[in-house]
Each structure stands twice: as structure tokens, then as C-alpha cells.
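See below for the structure under consideration.
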Amino acid sequence: MSTAILTGTPVPGSPLEGDLRSLGFDVRTAPDAATALSLLASAPAADRVALVDQRFVGHLHALRLALTDPRFPAAAVTGALTARPEARAALSAALTTVTDGTATGRTDTAPDAPAVHTGGAGVVTEAGQPVTRTAPAVFELPLADRVAAAIEADGTPVQRPELGSLVAAVPDTPADREQALAAVAAVDDEAVRLRSAVKARDGFFTTFCISPYSRYIARWCARRGLTPNQVTTASLFTALIAAGCAATGTRGGYVAAGLLLLFSFVLDCTDGQLARYSLQYSTMGAWLDATFDRAKEYAYYAGLAIGAARGGDDVWALALAAMVLQTVRHVVDFSFNEANHDSTAATGASAGGKEGTAVVGTPTTALSSRLDSVGWTVWVRRMIVLPIGERWAMIAVLTAVTTPRIVFYALLAGCAFAACYTTAGRVLRSVTRRAVRTDRAAQALADLADTGPLAELVARVTRRPARALPGVLPLLIAVAGGAAAVSMAAFGPLDSPVVVLGALVYVVTSGIAVARRMGGPLDWLVPPVFRATEYSTVLIFAARADLPGALPAAFGLGAAVAYHHYDTVYRIRGGAGAPPRGLVRALGGHEGRTLLVAVIAAFPTAESDLPPALTLLAVVVAVIALTESIRFWVSSGAPAVHDEGETA
């Protein structure tokens with residue numbers, strides 16, 4: 001159980017102790033800092049500990065945000081501070097410093113003392129409206145605030161949630177307390193909590209057709225003790241049932257599939273809203289949420305393909321093409337974001353900016369900002385990129401009223417347009433932005449490349465000459481190698497060693513492309529090129545073989561490899577690093593798998609060898625990737641990956 005230590009002067013009739021108990025804290029009282037230090041030392045080392053001033057006045061949700069969020073080692077609002085086990089040492093050291101009277105800071109109320117905009121975290125006058133006042137001297141601050149300042153001074157970051165209209169205050173006088181209590185009464189704590197459960201930026205369909213009621217489903221789940229992971233799992237099972245209905249190949253099955261797919265998306269929105277509503281962020285939840293969306297969508301593609309086959313229409317090639325296009329789109333998103341989220345201005349210092357400041361402001365981003373200022377263009381631009389809400393709504397409706405072939409035609413056309421639109425904009429940003437890519441970003445791109453042992457060997461051999469290549473040449477080399485592999489798969493004679501030549505060229509060019517540091521302006525396009533080459537080569541060989549089961553087997557292989565790539569992405573996004581090199585080497589890397597499929601196509605021992613060979617390869621990749629992934633996410637304690645809701 002977590003421990004809350006109440007400090008300062010007791011306030012008769014205060015509901016604070018009950019609020020803390022409702023949040024799961026065992027409440028102790030410390031009349032002075034020395035007693036608080038003793039209570040801190042006696043608390044179990046594995047427990048979260050909070051320091052809360054007994055004069056605290058505020059909303060329960062303000063305390064919840066500050067004291068129960070599992071993602072941050074330390075967090076605070078005015079009058080309340082918490083530390084998870086990993087920050088307990090910093091808390092103990094800071095409390096000792098404050099107790100000994102050696103805390104640094106102001107010791108008077110000089111006229112130049114900084115102004116404090118409380119944002120609900122100080123004295124509040126009119127209904128929920130914060131005021132600005134001169135900061136008190138350090139010795140006047142609540143103990144929790146002084147300790148938080150000491151923790152930060154020692155280099156441990158303290159998360160301070162944005163409260164918006166919520167109140168968190170430590171009033172100095174009875175009059176201030178009455179004002180703060182009035183401000184608390186004027187703001188609906190639950191309404192703010194519900195609003196905060198919804199993402200700040202979402203698609204049109206999700207924002208206007210799902211979130212207005214899914215947040216209430218999230219609250220219903222929270223009040224019944226359901227967890228986000230349970231809702232995520234329910235969403236997966238619903239989507240799998242939808243895929244099963246689509247696989248029947250009947251009109252009734254298609255209608256049921258469309259309805260169930262939409263309901264699965266409602267649950268998909270609900271799980272994240274439940275996590276934000278109840279602050280139930282977890283490592284397992286991050287993994288499930290990150291991977292189940294793709295599993296649901298691609299399983300549904302397979303269900304449509306099976307249903308179409310029952311009606312005499314083979315659309316497996318379209319299903320695999322849709323999966324390839326969607327996966328490559330996601331890799332473009334991930335690569336660009338990883339490459340640029342912490343890049344720095346190349347001329348920041350010389351232009352009068354601070355050295356190392358993040359790059360902002362290019363002609364493209366300026367145009368984007370102007371378009372967003374119009375209002376309605378924001379929603380149009382969010383819709384045309386076909387995010388998951390719009391995409392699943394389109395798939396569901398078309399499944400119910402048309403055929404699987406039309407569903408895939410529409411999906412491919414929409415995703416292709418969205419991919420061209422987003423990629424073109426990002427290329428323009430990259431070529432007009434004078435930036436320096438950080439070592440972390442360059443390493444993230446190298447990890448996303450998924451380079452296997454063959455390309456690694458080529459990279460080691462060519463590292464010295466590769467360093468002299470001009471900026472865009474590695475990308476062009478990667479494109480040329482990918483084109484060679486895909487072209488040979490498409491036009492080379494099957495059952496002939498000739499088709500292996502394209503894959504061998506791809507191995508060499510892939511190694512050259514990653515031989516130097518991936519810091520060029522367009523190097524973020526290299527991983528998507530690798531993904532497109534590998535998936536497309538498998539698709540083309542399976543389609544050209546024209547054997548029963550070849551395309552479904554290729555679909556299974558694509559799904560297994562895609563899982564490995566998504567797992568890599570979310571490890572990097574979560575700050576946990578890429579999968580171990582041993583895993584990547586065991587899976588052969590993108591170039592090794594491409595070469596292996598080419599060899600299987602070129603040297604069959606029997607005419608029907610390709611489908612079982614692709615199936616076996618899919619099973620091997622899936623078993624290795626899933627085993628390592630499950631072990632990692634269950635046991636590693638990696639940080640959660642969750643999007644935030646709106647500012648409360």
C-alpha cells in the first residue's frame with residue numbers, strides 16, 4: 001500500500017485524509033519535518049510515499065493526477081508531493097536537506113520575487129479563476145513544496161501535471177481557505193476528469209462519433225473495477241469475431257462484421273480513455289494497446305479474403321497489399337517522428353537562438369500553421385490522412401454494403417493517397433529544415449532499419465568509403481537495391497537462380513545504406529524503403545507462383561514480420577531501446593529474409609514447395625519474435641507508451 005505523510009498544521013473538518021485513503025494511501029501524520037523523515041524511513045522501500053500539507057484544499061482529481069500516476073518517479077502540485085520507489089532516495093535526501101535547514105532558495109520576500117501563476121495551484125478567488133501573487137519566501141512554503149524544490153535542485157525531475165481549472169492550494173489564512181473552497185465547489189471535478197480522458201488530438205470520426213459516449217463507457221468500466229487491459233482484450237476478441245463473420249462470405253455475415261468492427265473500435269477508444277480516467281498506465285497495457293490494433297486490422301483483412309474466396313473471388317493479393325501499404329505508412333510515421341523530435345537547429349546559435357534548441361519553423365510548417373488557423377481545414381487534414389477511426393469506419397460500412405474486393409480497392413486508394421500526402425509534406429520539411437540529428441535519433445533509425453548479419457557484414461567492409469557519400473546518396477542506394485529486388489521478383493524467371501541476383505544486390509545496397517551514421521536529412525526514409533522491399537518481394541513471389549495457399553502463407557509471413565517491426569517501434573518509443581541484436585540476427589534481418597524467400601522461389605524441390613516453405617518461415621518468425629516480445633514486455637519494467645488526454 002502507498003503511504004501518505006500529512007505535514008503542517010491540522011485543519012478541523014478537512015476531508016483530506018479521507019480523500020487520500022480513497023486514492024489508496026495509508027495516512028500517517030507528522031507534526032514536523034523530523035517526524036516526517038522518520039516516517040519516510042519506516043515506510044517499506046517498495047512503496048510509493050507522498051508528503052501532503054494538512055492545509056491542502058483542492059479537487060480530488062488534482063491529488064489523483066499528482067500522487068497516483070505510475071509513469072513518473074516523482075510528481076507534485078502545490079502542497080503535495082509523491083515519489084515512487086525509484087525516487088525514494090532522492091526524496092529522503094531532499095527531506096533531510098530541508099530538515100537540516102540547508103535547502104537553497106530565497107530567504108526573503110524581495111520585490112523582484114517571481115510571480116506565480118497558480119493555474120489552480122495557489123490562492124483562488126472567483127469561480128475556478130487563479131490569481132497571480134508574489135512567491136512567498138522558501139521558509140513560508142509548505143514542506144512538500146520545499147522538498148520538491150530540493151529534489152529538482154539535486155537533478156531529479158519532478159512532474160507537475162497541468163491542472164487547468166482544477167484547484168490545488170495551501171491557503172495561508174481563513175479567508176484564503178474560504179476562497180479556495182468556493183473555487184473547488186465552482187468546478188465540476190468529474191466533468192474535468194471525463195474531459196481529460198479524451199485525447200487532445202484525434203480524428204474527426206473519433207472526436208465526434210465515438211468519444212462523446214465512449215468516455216462514459218470508460219467511467220462505467222472504472223466504477224466496476226475493470227482494467228484497460230481487460231477492455232483492450234475485449235476489443236481484440238470483438239474484432240476477431242468480426243473477422244470470423246466476414247469469413248462466412250454471406251451478406252448477413254458482412255453486415256455483422258461491419259457492426260462488430262465498429263464496436264471493437266469503440267472499445268479500442270475506451271481502453272485508452274479508461275487508462276487516462278483512472279491513471280492505470282502499465283507496461284503490459286502499452287504492449288497490448290500497441291500491438292492489438294494491428295492484429296485486429298490485419299485479422300479482419302484475412303477474414304475478408306476468406307469470405308471472398310468462399311464466394312469465388314480471390315482477393316488475397318489485395319489483402320496482403322493493404323497490409324503492406326498500411327505497415328509501410330506506419331513506418332514512415334515512426335521513422336520521421338523518431339528522426340526529428342529532438343533534432344536541433346544547425347544554425348541556432350548563429351541565428352541568435354540557443355545552442356541545441358529544437359528545430360521549429362520551416363516554410364512547410366508555417367504553411368501548415370496557417371491552414372490550421374482557418375479552423376475547418378484542421379479536420380479535413382486529419383481526415384484525409386485516413387487515421388484509424390476514419391479507416392475502420394470506411395471498412396465497416398463498405399463491408400456491410402459492398403464486396404471485399406471493393407473494400408480493398410477503396411482501402412488501397414485511400415491509404416495510397418494518404419501516404420503520398422503525408423510523405424510529401426515530411427520530405428519538404430526535411431529538405432527545407434537545416435537541422436542536426438542527434439545521436440539518439442540516428443541510432444533509432446539504425447534500429448528501425450532491422451539490419452541482419454549479411455548487411456552488417458557489408459556495412460563493416462564499406463564503412464570507410466560510405467562515410468564520404470553525400471547526404472542523399474545512401475537513400476538512393478537503398479532505393480536502387482530495393483528496386484532491383486522487387487523488379488527481379490516481378491520479371492525474373494521463376495524456378496531459376498536469376499531471381500536470386502536481385503536479392504543479392506539488395507543485400508549489398510542495404511549494407512552500404514546503413515554503413516554510415518544515419519544523420520542525413522532524408523535518412524528517415526531508409527527504414528520504410530526496407531519494409532516496402534521485403535513485403536513487396538514476398539507478395540510478388542507468392543502471387544506469381546499461382547499456387548493454392550501461396551498468398552495466404554505470404555500474408556501470414558507478412559503479419560509475423562510486421563509484428564516484429566511494430567514491436568521494435570514501440571520499444572523505441574517507450575524509451576526501452578531496440579530489441580537485442582541477437583533477436584534481429586536470429587530473424588535474419590530484412591535483407592536475410594528477402595534473400596531466403598528468393599532462394600526458396602528459385603530452387604524448389606517440388607512445384608508446390610513455396611506455400612509450405614513460406615508457412616514454415618512465418619511460424620519460425622512468429623515464434624521467435626513473440627517469445628522474446630512477451631518476455632520483454634512482461635518482465636522488463638519498460639515504461640508505458642500512452643497518449644495524453646487534454647489538459648485538465
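Since this is a predicted model, take the numbers as computed values, not measurements.
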Minimum heavy-atom distance [X]-[Y], with the two atoms named:
| X | Y | value |
| --- | --- | --- |
| Ile395 | Val407 | CG2-CG1, 4.1 Å |
| Leu445 | Ser335 | CD2-O, 3.6 Å |
| Leu325 | Ala416 | CD2-N, 3.5 Å |
| Leu411 | Tyr301 | CD2-OH, 3.2 Å |
| Asp293 | Trp392 | O-CZ2, 3.8 Å |
| Thr227 | Leu274 | C-CD2, 3.5 Å |

Would you call [X]-[Y] a salt bridge at under 4.0 Å N-O?
| X | Y | answer |
| --- | --- | --- |
| Arg64 | Asp69 | no |
| Glu190 | Arg215 | no |
| Glu390 | Arg382 | no |

**OP:** With sequence neighbours excluded, give me every salt bridge (Lys or Arg N to Asp or Glu O under 4.0 Å) pair touching residues 324-341.
**Re:** Asp333-Arg426, Glu338-Arg440
Can a side-chain donor-acceptor contact be found between [Y] and [X] if the only test is distance below 3.5 angstrom?
| X | Y | value |
| --- | --- | --- |
| Tyr535 | His565 | yes |
| Tyr281 | Arg276 | no |
| Ser235 | Ser264 | yes |
| Asp567 | Ser629 | yes |

Are the side chains of [Y] and [X] in contact, using a 4.5 Å heavy-atom criterion?
| X | Y | value |
| --- | --- | --- |
| Thr438 | Gln443 | no |
| Lys199 | Thr207 | no |
| Glu162 | Ser196 | no |

Subject >> side-chain hydrogen bond (donor to acceptor under 3.5 Å, both in side chains) assessment of His61 paired with Tyr277 >> reply: CA-CA 10 Å; His61 192 51; Tyr277 180 84; over 6 Å; no
**OP:** May I ask you to decide if Cys209's main-chain N or O and Tyr213's side chain share a donor-acceptor pair within less than 3.5 Å?
**Re:** yes
**OP:** Evaluate the criterion salt bridge (charged side-chain N to carboxylate O under 4.0 Å, His left out) for residue pair Lys296 and Asp268; output intermediate values, then yes/no.
**Re:** CA-CA 10 Å; Lys296 289 181 286 188; Asp268 183 58; 3.3 Å; yes
How long is the gap from [atom1] on [X] to [atom2] on [Y], to the nearest 0.5 Å?
| X | Y | atom1 | atom2 | answer |
| --- | --- | --- | --- | --- |
| Thr399 | Phe408 | OG1 | CZ | 8.0 Å |
| Ser211 | Tyr216 | OG | OH | 11.5 Å |
| Leu65 | Phe72 | CG | CZ | 10.0 Å |

Original post:
Should Thr327 and Tyr298 be marked as a side-chain hydrogen bond (donor to acceptor under 3.5 Å, both in side chains) after you check the CA-CA gap, both sets of side-chain angles, and the distance that decides it?
Top reply: CA-CA 10 Å; Thr327 303; Tyr298 299 157; 3.0 Å; yes
Original post:
Does the ring centre of Phe204 sit less than 6.0 Å away from the ring centre of Phe208?
Top reply: yes
Original post:
Restricting to pairs with a member in residues 250-261, which pass side chain to side chain donor-acceptor pair (under 3.5 Å), not counting sequence neighbours?
Top reply: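 Qualifying pairs, neighbours excluded: Thr248-Thr250.
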